[in-house]
Amino acid sequence: MSPASDSIRNSGLVLDALDSGVVILGADHRVQIWNAWMERATDVSKATLMGKSIWEAFPALADSRFSDAIDDALEAGASSVLTHSLHSALLPLHLPDGRPLLHDLMIRPLIAPEGRQCLIQVRDVTVTVERERLLRERRDAKYRAVVDTALDAIVTTDTAGTLQWMNRAAERIFDVTSAEAVGQDIGLLLSLEDRSRWPRGSEALASREASAPPIELIGRGRGGVPLNLELSVAEWRSEDRTFVTGILRDVTERRRARDALEQAVADKTVLLREINHRVKNSLQLVSGLLSLQMAGLGDSPAKPLLRDASDRISAVARVHHRLYQSDKFSTLDFTAFLRELCDDLVQASGDSVCAIRLEADALEVDIDQAAPLGLITNELITNAIKHRALNPALIDVSLRSDPGGFTLTVSDQGPGLVTGFDAAKSKTLGMRIITALTRQIGGTLQIPPTPLGAAFRVTVPR
Ligand SMILES: Nc1ncnc2c1ncn2[C@@H]1O[C@H](COP(=O)(O)OP(=O)(O)OP(=O)(O)O)[C@@H](O)[C@H]1O
Ligand SMILES: [Mg+2]
């Protein structure tokens, strides 16, 4: 046998040993090579086919994507890859057990000395496709487990807003079955006003930031009952189509509870304001009663005592007055309180008798400290006026606040305190009020030395 026929025989052996199909067609579509793999997969023998047109054996393929690809190779010299995923069941191939053999095809031109030929390679992808299907099923099962047990409604529409799919929670929340809803507009689930707010078209989604808060929508629940919904949306693509998937959280109950809570807070606010108003009125009434009683006392030594008592009650009334004017009830704007107190005390004594210079940082004090601190301040300023001797009272009131606490200082330029003055040992009511209430609010009272007049400093840590 010649070396040439040897090599032909060898290449035939190689082709038959291949684990994929190999076919070579001549320019006239006649079969020139049909390897053993092809014989097994088609049950058509090499002997039957050799030299015959492939369309004789497979007439059904004569007008198919497969025949187009062969024409492209033979006429235009173009190669094609036809994959199973895009072109399933191109050739009638089967596995040894009779099941269909899933395959990819590579069809390319060959330039042989006898003219143009077409090489067809067939690859078995059955196992790969099966594995992919299993993986996909496993992934889909995980996905389905999540969406079907989700408490939130999950719905998918196309970009026109036509419902494509919904989970069980959506069926329950909107009281509609998937079969009824799919194919209808998303408006089926939403109130008339909010139908247009479902994101349709890519622009609506593109303009939304990933961190944007949920869109608040009103939905239509069982029997048309309005539902408060919070919507988070995502856009995704499958092949050449775009879809919108929305997670709709039913917050109707939560919203109702929040509204009830807000109403309760509002009611409490009104109530507290009312109480503070009434307490202030009652205290003013008591203070007024004492003033009335004072008027009937003539020159009695009890008269100034009653006036002091009346003034102290007014000071507490002022705290409640500020509280009912404010929006806050747990703290008091002490700076505003102080300004008002100074103005009132100056007005009550007359400008010629008293001048107060106030320097105050902004300070909110706790409600528990407000009335005691108000009374302490009232006592200190009243003392500076009362014990001024013959000169007008020039009083400096300073309120300094820092993270560690605050300091209130009242100083004057009057005759000053007697040497060795000890507030703690003082038996008079004013000093007893000051020391006791300072202790009550956790503060300390100091009497700093001054070249002129008297100075009192109350320091309260935070
Ligand atoms: N700013 C001050 N300047 C000078 N002396 C003062 C000053 N503050 C207090 N004192 C002295 O300390 C004493 C005690 O003050 P305290 O306020 O306790 O009594 P009061 O003002 O005399 O009477 P009340 O008990 O009605 O307040 C005062 O009588 C006064 O002598
Ligand atoms: Mg006093």
Side-chain angles (χ1 to χ4, degrees), residues 283 286-295 297-319 337-338 340-360 371-400 407-441 443-460:
L283 288 172
V286 174
S287 164
L289 280 177
L290 291 180
S291 300
L292 268 181
Q293 201 155 15
M294 231 159 55
L297 283 178
D299 282 340
S300 159
K303 196 171 177 177
L305 295 178
L306 278 183
R307 184 183 312 112
D308 288 350
S310 167
D311 288 349
R312 283 169 180 138
I313 292 166
S314 291
V316 180
R318 184 171 291 114
V319 171
F337 169 86
L338 203 55
E340 204 175 88
L341 177 71
C342 292
D343 287 350
D344 283 1
L345 290 175
V346 169
Q347 210 178 1
S349 347
D351 287 345
S352 56
V353 173
C354 160
I356 302 179
R357 213 158 42 188
L358 172 65
E359 275 184 41
L373 197 61
L375 267 175
I376 294 168
T377 320
N378 184 59
E379 291 302 322
L380 291 175
I381 301 175
T382 312
N383 273 355
I385 299 170
K386 188 171 166 187
H387 305 294
R388 71 184 184 282
L390 295 172
N391 304 322
L394 299 173
I395 307 169
D396 281 292
V397 177
S398 114
L399 179 66
R400 292 284 164 247
T407 307
L408 172 79
T409 312
V410 177
S411 56
D412 60 50
Q413 298 171 24
L417 298 162
V418 291
T419 332
F421 177 84
D422 186 348
K425 294 204 176 110
S426 183
K427 294 273 179 288
T428 42
L429 183 58
M431 278 302 150
R432 275 162 56 201
I433 290 174
I434 294 167
T435 50
L437 292 183
T438 302
R439 210 176 310 121
Q440 185 185 315
I441 60 175
T444 48
L445 175 71
Q446 289 167 299
I447 301 176
T450 51
L452 188 65
F456 292 85
R457 177 171 299 149
V458 176
T459 307
V460 183

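Order of listing sets the numbers, starting from 1, for every ligand and every atom in it. Worth saying up front: this structure is predicted, and the values here are computed from it rather than measured.
When atom types are taken as modelled, the side chain of Arg432 and the backbone of Lys427 share a donor-acceptor pair closer than 3.5 angstrom. At distances below 3.5 Å, not a single donor-acceptor pair connects side-chain atoms of Asp412 with backbone N or O atoms of Ile395.
In this structure, Leu306 CG and Ser291 OG are separated by 8.5 Å, a value rounded to the nearest 0.5 Å. Atoms CG and CG, from Leu373 and Asn378 in turn, are 11.5 Å apart once rounded to the nearest 0.5 Å. One distance of note links CD of Gln413 with CG of Leu394; it measures 5.0 Å at 0.5 Å rounding.
At the shortest separation from atom 3 (N) of ligand 1 among protein heavy atoms lies His387 CB, 3.8 Å. Residue, atom and distance of the protein heavy atom nearest to atom 12 (O) of ligand 1 are Phe421 CE1, 3.3 Å. Closest to atom 16 (P) of ligand 1 among all protein heavy atoms lies Thr428 OG1, 3.5 Å. Among all protein heavy atoms, the one lying closest to atom 9 (C) of ligand 1 is Asn383 ND2, 3.5 Å. Summary of contacts: the protein heavy atom closest to atom 23 (O) of ligand 1 is Lys386 NZ, 3.1 Å.
Annotation: side chain of Thr407 is in contact with side chain of Arg457 (closest heavy-atom distance under 4.5 Å). At least one side-chain heavy atom of Leu408 sits under 4.5 Å from a side-chain heavy atom of Val397. Between Met431 and Phe421 there is a side-chain heavy-atom pair separated by less than 4.5 Å. Using a 4.5 Å heavy-atom cutoff, the side chains of Arg312 and Asp308 are in contact. Residues Arg400 and Thr409 are not in side-chain contact: their nearest non-hydrogen atoms beyond the backbone lie 4.5 Å or more apart.
Closest approach of Leu445 to Thr438, counting heavy atoms only: N-CG2, 3.9 Å.
Around atom 6 (C) of ligand 1, the closest heavy atom drawn from Leu417, Ile434, Asp412, Thr382 belongs to Leu417.
For ligand 1, the atoms lying closer than 4.0 Å to a non-hydrogen atom of Gly416 are 4 (C), 5 (N). Taking every non-hydrogen atom of Leu429 and a distance limit under 4.0 Å, the qualifying atoms of ligand 1 come out as 25 (O).
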Ignoring hydrogens and angles, write down the donor-acceptor pairs under 3.5 Å from the side chains of residues 344-358, residues two or more places apart or on other chains.
residue: Asp344; atom: OD2; partner: Arg318; partner atom: NE; Å: 3.1
residue: Asp344; atom: OD2; partner: Arg318; partner atom: NH2; Å: 2.7
residue: Ser349; atom: OG; partner: Leu345; partner atom: O; Å: 2.5
residue: Arg357; atom: NE; partner: Asp396; partner atom: OD1; Å: 2.7
residue: Arg357; atom: NH2; partner: Asp396; partner atom: OD1; Å: 3.0
residue: Arg357; atom: NH2; partner: Asp396; partner atom: OD2; Å: 3.1

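Distances between N or O atoms of Pro415 and those of ligand 1 include no value under 3.5 Å. For ligand 1, the polar-atom distance check against Phe456 finds no nitrogen or oxygen pair separated by under 3.5 Å. Residue Gly430 has at least one nitrogen or oxygen atom sitting less than 3.5 Å from a nitrogen or oxygen atom of ligand 1, judged on distance alone.
In this structure, Ala384 is part of the shell of residues with a heavy atom less than 4.0 angstrom from ligand 1. Within the 4.0 Å heavy-atom shell around ligand 1 one finds Arg312.
Any protein N/O/S atom under 2.8 Å from the Mg ion (ligand 2) was counted, giving 1 altogether.
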